[in-house]
Amino acid sequence: MTAAETIVARKDRMAVLARSTNAGLQELWSRLGVGPAYRLLRGPEFGLVMLRGRIGGTGDAFNIGEATVTRASVKLEDGSVGHAMMLGREPAKAELSAVIDAVCRDSGMAARIDRDLVEPIRLELRAADDTRRGQTAATRVDFFTMVRGEN
Amino acid sequence: MYVAVKGGEAAIDNAHRLLADRRRGDRSVPALTLDQIMEQFALGVDRVMSEGSLYDRRLAALAVKQARGDLIEAIFLVRAYRTTLPRFGYAEPVETGRMLVERRISACYKDLPGGQLLGPTFDYTHRLLDEELDGDPEVEGGRTREGAAEPVASVADILDGEGLIETDGDLLPAEPGDITQTPMEFPLSRAMRLQSLSRGDEGFLLALGYSTQRGYARSHPFAGEIRIGEVEVEVFVPELGFAVPLGRVQVTECQMVNQFKGSAKAPPQFTRGYGLVFGQSERKAMAMALCDRALRAEELGEDVVAPPQDQEFVISHCDNVQATGFVEHLKLPHYVDFQAELGLVRQMRAEYAARQADSRSGDVVADEVQEAAE
C-alpha cells in the first residue's frame, strides 16, 4: 500500500469509528479477541473544536460555533502509536478507537479489523442513512398540472 | 463609595434548595431523562445548541432540564460550560452541498433538481391541538420511497448559470475572525457578523428580519433554498498530517435571494443573505439570512436607514446571554446607588420648590436667565 492509500483507509476507518455507538464498538471489539497492552500518551480528554461554514455555502470560511470532542492517543508495546478524535464526550469510545488505530498500523491486523469490526458498523450506518433518504424521498412533492379549460 | 455588607447566606442556600425542589416538582411524577428531552424536545435542544454555540445534544438536554425549560437560562449554562474546556482547534468548513438532506425546499423554482423535499415539517399542519398526545398513542414510522435519489442542486448555482446572482467570490486565504477570541470592534467582517448571528437570539433576529419585510431596509427576499441535514466534520490534526473525520452534525442552511436594483458599487442582480445554524432551526436560519443581507447595506452601496442595517445595533444586541445579563443585573443590590439618587432627587425637589416660591414672588426673569447659563 502506498502512503496515500494508507491515509485514505485510515481516515475511512476513523469516520466509521467516530459515528459508532460505544456499546456496539465495545461488543465487536471484545468478539475480536484482540487485547494488546498499551499505555495512554494523551487523554482521553474532552475539548472543543470550532466548526466552520462557508459564506453563501461556497465562499470564505466563517465560524459557526463549537462542538465538544474527545481525543485520545495510545502507544502499544511494539511502539505503534494510535490517535482518535471524535464528536461528543465519550472517553471509552475514544480510547478504544485510538487503540484500534494503533493496532491497524500492522496491515494484517488492519485487514482483519476492517473486515470484522469496521465493515459491520459501516453497513449499519449505511442502512440508517438509506432509511433516512427513503423517508425524505417519500416527502418529495410530485407536481402535476391541472388540465386547462381552454385549448 | 462601595460598602461591603454581609448577610443572606442562609437565605440564598434555602432559595437554591427550594429551586431544586420546585425544579423536580411533584415526586409522584417520574423524572425526565435526558434521552426523553433529546428525543421529544429535540427542537428546544437544538435552539440551546445553536444559541449556546456548542454542538452537544446531551449537554443541551441537561441544561434544559436544569433550567426547568427556561431556554435562555439553559443557553447561559451551556455558554458557561464551554469556558471550562480547552480549544483543540478549528474544523475544516463543512460542505453543505454534500449534506445528507432531510428537508430541502425552494420558493424560487418549482422543479429544481433534487425536488421539493418537505421532510419533517410543521408547515401545512392545521395548528390544531392533538388531544391524543395527552396520552402516549402509537405512532407509525415514516413512509419510505425507493428510487435513486437525485443529487440536490443548489439554487445559487442555477441562477449563477445566467449570471443573475452574485457569486460567493474568490476565497481569501486569511483566517476568519473569531468573536470568542477577540473583542468586537466595528465594523465587523461579514464572517464575524455571521458567527455572531448564528448564536444570536432567535426572537430578536426574527423581529429584525420581520421588520425588513415590513419596509425597514426593504430587501425583497425570496427563500431561495432551505436545507436541513447532516454534514461531515473534519479537523486537521498536525500529529497525523491529515484531516481527521470527527462525525456528523445536523445544520440548517438558508439561502435568501434578494432583488437588487443596482448601485454605484454593483450592477442590478440578485444578492444573497446567508443563514447557517446548528440543528433543525429553520425560522432562525431564515431570520439570520434576512439580517445578514440587511447588514450588507454598506458593502452594496445602499443607504443605511433602518435598524437591521446597523451592525452595531444588531450585533451588539443579538446575544441573549449578554442581554439577559445586563437586564437581569438590575436585580442585584443597588442600595448605595439608590441612596445617592434619593438624596439627589430630594435636593432637586427642594430647589424646584424654592424656584416655584420665587416665581410666585415675581422673580421669574432672573431665574430663567440663570438656568440658561447653567
Side-chain angles (χ1 to χ4, degrees), chain A residues 3 7-8 10-20 41-42 45-71 73 81 83-90 101 125 129-143, chain B residues 50 53-56 58-59 82 85-94 96-97 100-103 110-111 115-119 142-147 149 154 156 168-169 171-172 176 178 190-191 194-195 198-199 233 235 237 239-240 242 244-249 253 255 272 274 276 278:
Chain A
I7 288 179
V8 169
R10 198 173 179 187
K11 274 187 74 164
D12 200 46
R13 197 178 298 120
M14 286 174 161
V16 171
L17 296 180
R19 294 181 52 218
S20 66
L41 294 177
R42 182 170 66 185
E45 58 188 352
F46 301 154
L48 302 170
V49 165
M50 177 58 88
L51 306 188
R52 285 180 165 169
R54 290 196 174 282
I55 298 175
T58 57
D60 287 325
F62 72 96
N63 298 306
I64 318 170
E66 289 157 318
T68 54
V69 294
T70 310
R71 70 179 178 190
S73 298
V81 172
H83 301 284
M85 191 178 337
M86 51 197 51
L87 292 172
R89 292 162 300 126
E90 291 192 279
D101 186 53
L125 293 171
D129 281 356
D130 287 344
T131 303
R132 183 161 298 192
R133 273 194 204 93
Q135 287 175 338
T136 304
T139 67
R140 179 173 172 157
V141 181
D142 296 316
F143 290 104
Chain B
S50 144
S53 205
L54 184 63
Y55 197 98
D56 187 318
R58 201 165 184 85
L59 271 181
R82 72 158 279 280
L85 293 179
R87 171 79 72 79
F88 291 166
Y90 289 90
E92 302 298 309
V94 296
T96 53
L100 175 64
V101 169
E102 292 163 61
R103 168 167 167 80
K110 178 168 69 75
D111 295 312
Q116 307 276 354
L117 304 164
L118 302 184
R143 286 198 186 88
T144 58
R145 176 152 90 172
E146 298 298 319
S154 138
D168 286 329
L171 300 189
L172 296 171
D178 183 347
R190 189 174 174 201
L194 286 171
Q195 182 180 6
S198 186
R199 68 177 201 174
V233 178
V235 65
V237 175
E239 298 93 302
L240 287 163
F242 60 84
V244 171
L246 300 183
R248 289 184 188 166
V249 294
E253 182 187 48
Q255 300 270 6
R272 291 153 67 191
Y274 189 65
L276 186 66
F278 287 157

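Please read all numbers here as calculations on a predicted model, not as lab measurements. A, B, ... follow the sequence lines: proteins, then strands. Residue 1 opens every chain.
- Listed options B:Ser154, B:Ser198, B:Gly115, B:Pro86 were ranked by heavy-atom pairs under 4.5 angstrom with chain A; first place goes to B:Pro86.
- Residues that satisfy the ring-ring contact (aromatic ring centres under 6.0 Å, His included) test with A:Phe62, not counting sequence neighbours, are absent from this structure.
- A side-chain donor-acceptor contact under 3.5 Å links A:Asp101 to the backbone of A:His83.
- For B:Gln255, the part sitting under 4.5 Å from any heavy atom of chain A is the side chain, from C-beta outward, and nothing else.
- Within the 3.5 Å criterion, the main-chain N or O of A:Thr70 finds no donor-acceptor partner in the side chain of A:Glu90.
- Residue contact with chain A, scored on non-hydrogen atoms closer than 4.5 Å, involves the side chain of B:Val233 exclusively.
- A:Asp142 touches chain B through its side chain: at least one heavy atom from C-beta onward sits under 4.5 Å away, while N, CA, C and O do not.
- Heavy atoms closer than 4.5 Å to chain A are found in the side chain of B:Tyr274, but not in its backbone.
- The greatest number of non-hydrogen atom pairs below 4.5 Å with chain A, out of B:Arg82, B:Arg199, B:Glu253, B:Glu92, is found for B:Arg82.
- Contact annotation for A:Arg13: neither backbone nor side-chain heavy atoms come within less than 4.5 Å of a heavy atom of chain B.
- Counting heavy-atom pairs closer than 4.5 Å to chain B, the top-ranked of the candidates A:Arg19, A:Met86, A:Arg132 is A:Arg19.
- Heavy-atom distances place both the backbone and the side chain of A:Phe46 under 4.5 Å from chain B.
- In this structure, the portion of B:Leu240 lying under 4.5 Å from any heavy atom of chain A is its side chain and not its backbone.
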(message) Test side chain to side chain contact (heavy atoms under 4.5 Å, CB included) on B:Leu117 and B:Arg103; report intermediate values, then the result.
(response) CA-CA 5 Å; B:Leu117 304 164; B:Arg103 168 167 167 80; 5.8 Å; no
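- Proximity of A:Asn63 to A:Arg52: side-chain heavy atoms (C-beta onward) are separated by under 4.5 Å at one or more points.
- Both the backbone and the side chain of B:Leu194 come within less than 4.5 Å of a heavy atom in chain A.
- No donor-acceptor pair closer than 3.5 Å links the side chain of B:Ser53 to the backbone N or O of A:Gly65.
- Interface remark: B:Phe88 contributes backbone and side-chain atoms alike to the contact with chain A (heavy atom separation under 4.5 Å).
- No other option in B:Leu246, B:Leu54, B:Leu85 has as many heavy-atom pairs under 4.5 Å with chain A as B:Leu246.
- Taking chain A as the reference chain and counting heavy-atom pairs below 4.5 Å, the highest number among B:Ala91, B:Gly119, B:Ala191, B:Pro93 is found for B:Pro93.
- Taking chain A as the reference chain and counting heavy-atom pairs below 4.5 Å, the highest number among B:Tyr55, B:Phe278, B:Tyr90 is found for B:Tyr90.
- The pair A:Arg71-B:Glu239 does not count as a salt bridge, with every side-chain nitrogen at least 4.0 angstrom from each carboxylate oxygen.
- The two residues B:Leu100 and A:Asp129 make their nearest non-hydrogen contact at CD2-OD1, 3.5 Å.
- When every heavy atom of B:Leu276 is checked against every heavy atom of A:Gly53, the shortest pair comes out as CD2-CA, 3.9 Å.
- For chain B, the option among A:Met14, A:Arg89, A:Met85 with the highest count of heavy-atom pairs below 4.5 Å is A:Arg89.
- The most heavy-atom pairs under 4.5 Å with chain B, out of A:Gly59, A:Ala84, A:Gly47, come from A:Gly47.
- Geometrically, A:Lys11 does not engage B:Phe242 in a cation-pi contact, judged by NZ or CZ lying under 6.0 Å from the ring centre and within 45° of the ring axis.
- Contacts between A:Arg54 and chain B at a heavy-atom distance below 4.5 Å involve backbone atoms as well as side-chain atoms.
- Between chain A and the options B:Arg87, B:Arg190, B:Glu102, the largest number of non-hydrogen pairs under 4.5 Å is found for B:Arg87.
- Ion pairing between A:Arg133 and A:Asp130 holds under the 4.0 Å rule for side-chain N and carboxylate O.
- Side chain of B:Arg145 to main chain of A:Ala137: a donor-acceptor pair is present (N/O by atom type, distance under 3.5 Å, no hydrogens or angles).
- Between chain B and the residues A:Val141, A:Asp12, A:Leu51, A:Ile55, the most heavy-atom pairs under 4.5 angstrom are made by A:Ile55.
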